[in-house]
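So the structure is just underneath, and the comments pick up after that.
Lettering of chains follows the sequences in order, A, B, ..., and the numbering in each one begins at 1. Note that the structure is a prediction, hence the values are computed from the model and not measured.
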Amino acid sequence: MPNSSQREVRVRFAPSPTGDLHVGNIRTALFDWAYARHTGGKFIFRIEDTDRERVTDEYIAAAIDTLRWLGLQWDEGPEVGGPYGPYLQSQRLEIYAEWATKFLAQGDAYHCYCSAAELEAVREAQRSANVAPGYDGKCRNLSAEAIAVYEAEGRKPVVRMRMPEGSTTFTDLIRGDVSFEHDFVPDFVLVRADGSPLYTLAVAVDDVMMKVTHVLRGEDLLSSTPRQIRVYQAMGVTPDEYPLFAHLPFVMGQDNTKLSKRNGEVSIAWYRDAGYLPEAICNYLALLGWSPGEDREDVSMKELTELFTVERVHSSPARFDMKKLEAINGDKIRSLTLDEFYSRALPFLQRAEVITGTVAEADLVKRALPIIQERIATLSEIPLMLKFLFVTNFSVEPDSQTKIQDEQSKKVLQSALDALSGVSDWSHESIESVLRVALIEGLGLKPRIAFGAVRIAVTGSHISPPLFESMELLGRERSLERIKAAL
RNA sequence: GGCCCCGUCGUCUAGUGGCCUAGGACUCUGGCUUCUCAAGUCAGCUACGAGGGUUCGAAUCCCUUCGGGGCUACCA
C-alpha cells in the first residue's frame with residue numbers, strides 16, 4: 001500500500017457553515033484548491049454539519065454559492081457527487097455510529113455517564129488546583145453495577161475515546177515535527193448523549209473513508225490533531241496511511257486579533273456586493289501566508305495552481321489589509337477587456353437603478369466604460385461615475401453648486417455655451433479645441449478653473465470622468481441644456 | 001495556569017551563513033504629468049522583538065528572555 005505522499009493527492013475543504021463563509025475560510029479553500037490543482041489531484045468539498053444547532057441549510061447553500069463564484073471548482077462534493085459520498089456529514093450518521101460501536105467493542109472507547117455539571121465541577125477544581133484540565137477518567141472502567149445504577153437514574157451516556165499513555169508526534173508540512181504528551185490530551189467525546197457524532201469522530205472517519213491524503217486547514221485545529229490520529233489508530237489505519245497535515249496560519253484583523261465583524265468585513269458575500277472581483281480576492285488572499293517569491297505579486301488563478309506549493313506557506317499569521325485588496329482589485333479591473341468589464345459592470349448599474357436594461361443604454365454604457373476603467377478600485381463605483389449620463393431629472397450636487405455661483409463662473413458658462421452652440425461635429429476633440437479657444441485663450445483662464453465650471457454644470461459634480469469625453473457621450477443637446485440651466 | 005504554535009519596514013512579504021550598509025508590494029509623504037478624480041512615473045520615510053552564544057562572518061544555527069496567538073466543550 002503506497003503511503004500518503006505517493007498516492008494520488010486528495011485534498012479536502014471541510015467548512016462548518018455556521019455563518020457566511022469568511023475571509024479565513026476562503027483562504028483555506030483557496031490553498032486546498034490550488035494544492036489539488038498543482039499536483040493534479042482531487043479537490044474535495046465536504047460540509048461538516050454535525051452541529052445542526054448552528055449549521056443551517058441557508059449557510060450551506062451560501063457556502064456552495066460562494067465557492068462557485070470564486071471559481072474554486074470541486075471534483076467531489078455537494079451537487080457534483082463523487083465515489084465517496086455523501087459529502088454532507090449529516091447524511092453519514094450511520095457510518096459514524098458503526099465506527100463508534102466498533103470502538104466501544106474494541107475497548108478503544110467507553111460510555112461516560114458524567115453530567116455536564118459534574119464535568120464542570122471537575123474542571124473548576126482542576127483550575128483552582130492549577131493542574132492540567134481535562135476529563136478525569138472517572139467512567140473509564142465502570143463496573144456493571146455502577147453502569148446499572150446510572151442507567152436506572154435515566155442517565156444517557158456519551159461515547160468517549162480512551163487516550164492511552166504516551167505521546168503523539170506528527171510531521172506538519174509547515175511547522176515540522178509537533179508532539180503532544182497524552183497527559184495533556186484528555187479522553188474526548190466522540191458521540192453525544194443523543195447519539196449524534198462530534199467533529200472529532202466525523203472528521204477522522206471521513207478523511208480516512210474519503211481517502212484524503214492532505215489536510216490543509218487552519219492552525220486552530222493543530223492541537224486537535226492528536227485526537228484525530230487517535231481515531232485513525234482505533235480504525236486500524238496504519239501510520240503510513242495517515243493523511244499529511246499542514247496547518248495554515250491565521251488571517252488576523254487589523255488590530256491583530258482574530259478577524260471578525262469588529263475589525264473588518266469578513267463575509268465574502270460582502271466583498272462580492274462591494275464590487276470586488278473574485279480573481280482579485282483570490283490573488284490577495286493567496287498572498288496572505290504564501291508567496292511565489294521573486295517579488296511576484298500579480299498572480300492569476302491559473303498561475304496560482306502552477307506556482308502553489310505547501311513548502312512556501314508561512315508559519316506566522318497575517319493581517320488582513322483592505323487597502324491592499326483594493327489596490328489589487330483596481331489593477332485587476334484595469335486589466336479587464338472591455339467585454340469582461342462590461343459584463344461585470346452591468347449588474348452593478350442595474351442594481352443601483354442607473355439603467356433599466358435597454359439596448360440604447362447598453363450601447364452608451366459600452367462607450368462610457370473605457371473612460372472610467374482606470375479610475376475605479378471597485379465595481380460599486382461605476383454607478384456613481386456614470387449616473388450623470390442616464391439620470392432624467394438632472395441636478396448639480398449641492399457641494400459643487402456653490403462653486404459655480406460666482407460671476408466668473410457665469411461668464412465661463414456663458415462663453416462655453418456660445419462657443420459650443422456653433423459646433424456641429426460633436427466629438428470630444430472638437431469640443432476640447434472649441435472650449436480651449438473660448439475659455440483659455442478668450443478669457444485667459446487657467447484650464448482647471450475654466451473646465452471646472454463646465455464640468456460641474458454638465459456632470460453635476462466637481463469630480464467626474466474626463467470632461468470632453470463625458471460631453472461627447474452625453475450628447476450635444478443635453479450638454480447645452482445643462483450649461484444653460486446652470487446660468 | 002497548562003499544552004502547542006508563532007516573531008524581518010505601519011501591513012503583506014523576499015531572504016535557508018558571506019550576493020543584505022536587508023529587496024519588492026500596499027499604505028503614507030513629496031515631485032513630475034495634468035481639464036477634476038484617478039491612472040502613470042520619480043523620490044523619500046520606516047524593519048531583522050531583546051540578550052547571550054557558535055563562526056573569520058548571522059536576519060539566517062543554538063540557548064534564554066520578552067511579546068502575540070490558538071487550544072484547554074456533549075463547537076468546529
Side-chain angles (χ1 to χ4, degrees), chain A residues 14-16 18 48-51 53-55 112 114-116 119-120 123 126-135 156-160 172 174-175 178-181 183-186 188-194 196 198-200 202-203 217-226 247 249-250 252 254 256-258 284 287-298 314-328 330-331 334 372-377 381 385 400 432 435-436 439-440 446-452 454-456 459 461-468 470:
Chain A
S16 181
T18 55
E48 312 234 315
D49 57 345
T50 51
D51 184 358
E53 299 273 307
R54 298 166 64 215
V55 177
C112 169
C114 296
S115 69
L119 293 172
E120 184 47 47
R123 276 194 289 270
Q126 288 165 331
R127 253 194 296 276
S128 48
N130 219 356
V131 296
Y135 185 62
K156 291 274 183 254
V158 299
V159 176
R160 201 178 274 279
D172 185 282
I174 294 170
R175 290 149 215 281
V178 180
S179 71
F180 293 84
E181 293 294 330
D183 290 345
F184 307 109
V185 185
F188 55 97
V189 178
L190 296 170
V191 181
R192 295 186 180 86
D194 68 3
S196 63
L198 270 93
Y199 165 80
T200 24
V203 69
R217 56 176 7 171
E219 70 163 291
D220 49 332
L221 268 358
L222 184 62
S223 50
S224 85
T225 307
H247 289 90
F250 283 120
M252 315 292 277
Q254 315 275 322
N256 202 22
T257 60
K258 214 171 169 185
Y284 174 63
L287 265 20
L288 251 34
W290 175 82
S291 105
E294 296 171 352
D295 293 339
R296 270 254 260 154
E297 295 218 319
D298 182 13
H314 262 245
S315 50
S316 54
R319 241 82 56 193
F320 183 80
D321 181 11
M322 182 92 85
K323 281 281 205 310
K324 180 134 183 176
L325 202 212
E326 223 175 274
I328 289 177
D331 285 341
R334 264 168 254 129
I372 63 165
Q373 189 163 14
E374 69 182 25
R375 284 161 222 282
I376 57 171
E381 294 166 56
M385 301 209 78
S400 301
E432 174 166 9
L435 287 181
R436 280 194 187 279
L439 309 179
I440 312 304
K446 289 200 157 130
R448 61 181 301 137
I449 304 291
F451 299 147
V454 180
R455 177 191 314 285
I456 291 171
T459 69
S461 170
H462 59 280
I463 297 172
S464 83
L467 214 214
F468 315 115
S470 295

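With salt bridges taken as basic N to acidic carboxylate O contacts below 4.0 Å, one links A/Arg123 and A/Glu120.
The nucleotide B/G40 finds its pairing partner in B/C32, both defining distances of the Watson-Crick or G-U wobble pair being shorter than 3.5 Å. Shown here, B/C66 forms a base pair with B/G7; the pair counts as Watson-Crick or G-U wobble because both key distances fall under 3.5 Å. Across all strands shown, B/U72 is found opposite B/G1 as a Watson-Crick or G-U wobble partner, with both distances under 3.5 Å. The partner of B/A22, taking Watson-Crick or G-U wobble pairs whose two distances both stay under 3.5 Å, does not exist in any strand shown.
Separating the CE atom of A/Met252 from the P atom of B/C5 is a distance of 17 Å, rounded to the nearest angstrom. For the pair A/Glu294 CD and B/C12 P, the computed distance is 22 Å after rounding to whole Å. Atom CG of A/Asp220 is separated from atom P of B/C3 by 21 Å (rounded to the nearest Å). Counting to the nearest Å, the P atom of B/U34 and the NE2 atom of A/His462 are 22 Å from each other. Atom pair A/Lys156:NZ and B/C74:C1' shows a separation of 15 Å (rounding to whole Å applied). Rounded to whole Å, atom P of B/U27 lies 9 Å from atom NZ of A/Lys324. One can place CD of A/Glu181 at 16 Å from P of B/G2, the figure rounded to the nearest angstrom. Taking atom CD of A/Glu219 as the reference point, atom C1' of B/G68 lies 11 Å away to the nearest angstrom.
Comparing A/Ala327 and A/Ile376 against RNA chain B, the residue whose closest nucleotide sits nearer the 5' end is A/Ala327. Residues A/Pro465 and A/Arg296 both approach RNA chain B. Their nearest nucleotides, taken by heavy-atom distance, put A/Arg296 toward the 5′ side.
In this model, the phosphate group of B/C12 is not approached by any side-chain N or O of A/His314 to a distance below 4.0 Å at OP1 or OP2. For B/U36, neither phosphate oxygen OP1 nor OP2 lies less than 4.0 angstrom from any side-chain nitrogen or oxygen of A/Thr459. For the pair A/Ser291 and B/A14, the criterion of a side-chain N or O lying under 4.0 Å from OP1 or OP2 is met. OP1 or OP2 of B/C75 sits under 4.0 Å from a side-chain N or O of A/Arg192. OP1 or OP2 of B/A73 sits under 4.0 Å from a side-chain N or O of A/Arg123. Residue A/Arg448 places at least one side-chain N or O closer than 4.0 Å to OP1 or OP2 of B/U36.
Judged by atom type and distance alone, A/Glu297 reaches the base of B/G24 through a side-chain donor-acceptor pair under 3.5 Å. No hydrogens or angles were tested; on distance alone, nothing pairs the side chain of A/Arg175 with the base of B/C5 as donor and acceptor under 3.5 Å. Under 3.5 Å, the side chain of A/Arg319 and the base of B/C12 form no donor-acceptor pair of N or O atoms.
Heavy atoms of A/Phe180 sit under 4.0 angstrom from primed sugar atoms or phosphate atoms, though from no base atom. Within the nucleic acid shown, A/Leu221 comes within 4.0 Å of at least one base atom, counting heavy atoms only. Within 4.0 Å of A/Leu467, counting heavy atoms only, lies at least one base atom of the nucleic acid. Within the 4.0 angstrom heavy-atom criterion, base atoms lie near A/Phe468. Counting any heavy atom pair closer than 4.0 Å across all strands shown, A/Ser179 reaches sugar-phosphate atoms only and no base atom.
Within the 4.5 Å cutoff, side-chain heavy atoms of A/Cys112 are placed close to those of A/Tyr135. Here the side chains of A/Thr18 and A/Asp51 are not in contact, with every heavy-atom distance at 4.5 Å or above.
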